[in-house]
Amino acid sequence: MTTTLVKNLYRETEKFTGKEVQVSGWIRTVRDSKTFGFIELNDGSFFKNVQIVFDEKLDNFKEITKLSVSSSIVVNGVLELTPQAKQPFEIKATKIEIHGTSSPDFPLQKKKHSFEYLRTIAHLRPRSNTFSAVFRVRSVAAYAIHKFFQERGFVYVHTPIITGSDCEGAGEMFRVTTLDLNDVPRTEEGKVDTSKDFFGKETNLTVSGQLNGEAYALALRNIYTFGPTFRAENSHTARHAAEFWMIEPEMAFAELEDYMDIAEEMVKYIITYVMENCPEEMEFFNTFIEPNLFDKLNNVANSDFARITYTEAVEILKKSGVEFQYPVEWGIDLQTEHERYITEQVFKKPVFVTNYPKDIKAFYMRLNDDGKTVAAADLLVPGIGEIIGGSQREERLDVLESRINEMGLKKEDYWWYLELRKYGGTKHAGYGLGFERILMYLTGMTNIRDVIPFPRTAGTAEF
RNA sequence: UCCGUGGUAGCUCAAUGGUGGAGCAUUCGGCUGUUAACCGAAGGGUUGGAGGUUCGAGUCCUCUCCACGGAGCCA
């Protein structure tokens with residue numbers, strides 16, 4: 001007899017009613033009486049459990065009552081509807097085969113655990129309600145992103161994980177080397193001789209695929225990347241990880257407005273897709289993780305995102321009369337407290353802040369006609385802060401070169417990037433979406449460590 | 001890196017400087033429809049580590065490790 005997935009039992013219950021079925025999975029709990037008992041079984045295919053009823057007619061009845069949490073079993077039985085009970089149906093077992101018993105010291109109990117504790121058992125936490133829901137949503141959200149871009153003709157580009165350019169400029173990098181760190185080859189000046197290293201030069205893990213992505217956008221028009229990204233920042237916050245996943249679309253013949261339009265459409269698409277395809281998981285988050293999550297998400301899916309300029313944001317903050325820890329002044333970067341005030345207090349929905357002063361933004365962002373600001377836009381959302389950062393790119397070779405000089409960078413390091421402007425350059429725009437950050441927003445989980453299967457953060461690379 | 005909070009049973013948490021407890025989990029027993037089942041009993045501790053003050057330290061002091069939260073950095 002073939003095994004049926006619990007998801008199918010729930011989705012097509014009529015088809016199985018009164019029929020003999022086989023299910024397999026891990027025990028969440030056993031409640032036994034003298035002559036009969038109940039098992040809550042989760043088979044991994046579905047958020048909900050299926051209730052198994054068993055009695056002393058089974059020759060291994062006594063053995064089954066003693067099974068501890070997370071033992072794995074295969075059950076044959078008849079599916080019966082139970083309209084008056086909490087669960088819609090249950091399986092009356094005719095045979096229960098024990099595949100793997102679980103030690104009584106199984107660390108996941110039938111009670112609420114702190115997320116901190118669950119992080120210490122990252123190999124077992126996907127067996128809990130919360131984490132099974134988070135990681136099923138993670139998978140569906142990733143698919144939604146691919147679906148969104150593929151449906152619009154974007155080409156999925158795999159940009160390198162190991163990069164030879166130290167000029168991506170988005171943060172501290174992890175060095176990649178095969179040199180013997182106990183006996184590093186030196187040059188005559190005493191510096192590390194990277195010509196002896198695996199690639200014959202210094203290499204690092206990528207902090208962004210954007211520069212490579214631009215090369216492909218200027219050939220395939222609309223592209224996106226979706227892959228791991230690494231930042232060696234010594235960050236200790238709920239929203240930073242050393243290894244995370246990022247989506248970086250890049251569009252040729254596009255301006256800042258085009259980027260914001262597609263980004264807004266994308267965020268709404270992901271929300272709608274996940275709500276439709278993970279109803280049980282989302283219901284759980286709405287009930288137990290973030291009350292009113294549905295209101296928040298529906299509000300985002302059905303409203304236009306606000307769009308204000310940096311200059312307007314500064315005015316709003318100045319006029320607010322709020323005492324900020326960091327005073328606001330045109331020219332300084334907005335602090336987290338400022339961003340939160342704007343998105344959480346003023347607009348109460350996602351906000352694009354555009355046209356930042358050039359001195360606080362990256363060299364590749366397109367200089368506006370005022371000569372003071374660049375065509376950048378960050379998307380701020382309540383509770384998370386910055387979820388997307390992007391810009392129109394500087395396509396004018398001479399302007400780009402002088403920006404590189406201004407910022408004290410070396411032209412030679414960007415030779416191929418500059419050539420993209422030399423050979424048929426055009427205006428183009430793109431952005432970076434932090435995948436974990438949008439997952440946090442979707443699920444209501446407040447710590448990035450709880451939306452990555454095995455999180456890597458400063459000081460922690462367990463599992 | 002800076003600031004703050006915390007570390008007590010497997011887990012979640014109590015304990016005025018004076019005999020370290022509870023709930024859940026575990027083990028054993030009871031119970032004929034349970035729903036984080038229920039009822040009864042038992043076992044379970046180097047109070048993160050080192051040093052100090054004190055007749056006496058989980059509690060006070062110094063140092064240290066770790067975790068969490070916030071800031072910076074950013075996605």
Side-chain angles (χ1 to χ4, degrees), chain A residues 28-40 48-56 65-66 68-69 80 82 84-88 90 92 102-121 128-129 168-172 207-210 225-248 263 288 324-326 333-340 360-362 378-381 384-390 431-441 446-452 457-460 462:
Chain A
R28 284 289 177 83
T29 173
V30 182
R31 295 181 289 269
D32 68 280
S33 228
K34 193 174 187 177
T35 58
F36 68 98
F38 304 92
I39 296 171
E40 292 282 335
K48 291 183 177 171
N49 306 319
V50 60
Q51 174 159 287
I52 312 293
V53 189
F54 64 102
D55 61 30
E56 59 184 348
T65 62
K66 294 201 185 317
S68 46
V69 176
E80 289 183 7
T82 51
Q84 69 290 347
K86 275 194 178 180
Q87 71 286 347
E90 63 191 17
K92 285 244 192 317
S102 177
S103 176
D105 59 1
F106 183 66
L108 264 177
Q109 298 161 34
K110 297 179 283 184
K111 58 167 267 189
K112 213 172 163 169
H113 286 287
S114 67
F115 291 142
E116 282 170 48
Y117 169 68
L118 291 168
R119 276 170 221 149
T120 69
I121 50 168
S128 67
N129 284 334
E168 289 175 349
E172 293 295 312
V207 292
S208 166
Q210 182 204 317
T225 72
F226 189 170
T229 309
F230 307 88
R231 305 269 167 95
E233 303 286 351
N234 191 17
S235 295
H236 294 272
T237 76
R239 60 185 191 284
H240 289 87
E243 178 182 296
F244 63 99
W245 286 61
M246 187 155 67
I247 297 99
E248 294 181 288
F288 293 106
F324 293 108
Q325 198 187 338
Y326 295 88
D333 206 356
L334 296 179
Q335 304 293 308
T336 298
E337 58 172 344
H338 304 142
E339 295 181 343
R340 291 186 67 137
I360 58 172
K361 286 291 182 182
D378 290 349
L379 180 64
L380 313 177
V381 298
I384 312 284
E386 188 179 338
I387 201 167
I388 290 176
Y431 61 94
L433 165 75
F435 184 51
E436 284 77 14
R437 291 199 178 164
I438 197 150
L439 281 177
M440 292 165 71
Y441 194 66
T446 54
N447 196 308
I448 196 167
R449 297 169 182 89
D450 298 327
V451 296
I452 304 180
T457 53
T460 306
E462 199 55 58

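Chain letters run A, B, ... following the sequence lines, proteins first and then strands; every chain starts at 1.
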Side-chain N or O of [X] closer than 4.0 Å to phosphate OP1/OP2 of [N]:
| X | N | value |
| --- | --- | --- |
| A:Lys86 | B:A36 | yes |
| A:Ser68 | B:U26 | no |
| A:Gln335 | B:G72 | yes |

(request) Could you pick out which residue, A:Thr29 or A:Phe36, lies toward the 5' side of RNA chain B when each is mapped onto its nearest nucleotide? (result) A:Phe36
(request) Determine, answering yes or no, if A:Phe435 is stacked on B:A75 under the 5.5 Å centre rule and the 30° plane rule. (result)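 The ring of A:Phe435 is not stacked on B:A75.
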To the side chain of [X], which of [options] is closest?
| X | options | value |
| --- | --- | --- |
| A:Lys112 | B:A36, B:U35, B:U34 | B:A36 |
| A:Thr460 | B:A25, B:A67, B:A71 | B:A67 |
| A:Arg437 | B:A75, B:U32, B:G33 | B:A75 |
| A:Phe244 | B:U34, B:G72, B:A75 | B:A75 |
| A:Gln87 | B:A36, B:A75, B:G33 | B:G33 |
| A:Lys34 | B:U35, B:C31, B:C74 | B:C31 |
| A:Arg239 | B:A75, B:A71, B:U34 | B:A71 |

Round to the nearest Å and state the distance from [X] atom [atom1] to [N] atom [atom2].
| X | N | atom1 | atom2 | answer |
| --- | --- | --- | --- | --- |
| A:Glu56 | B:U32 | CD | C1' | 9 Å |
| A:His236 | B:C2 | NE2 | P | 10 Å |
| A:Arg119 | B:C66 | CZ | P | 17 Å |
| A:Ile121 | B:A67 | CD1 | P | 17 Å |

(request) Check every strand shown and say whether A:Arg449 touches a base, only sugar-phosphate, or nothing at a heavy-atom separation below 4.0 Å. (result) sugar-phosphate
(message) Mind checking if A:Asn234 touches a base, just sugar-phosphate, or nothing, with heavy atoms under 4.0 Å?
(response)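 Answer is base: heavy atoms of A:Asn234 come under 4.0 Å of a base.
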(message) Is the distance between the ring centroids of A:Phe324 and A:His338 under 6.0 Å?
(response) yes
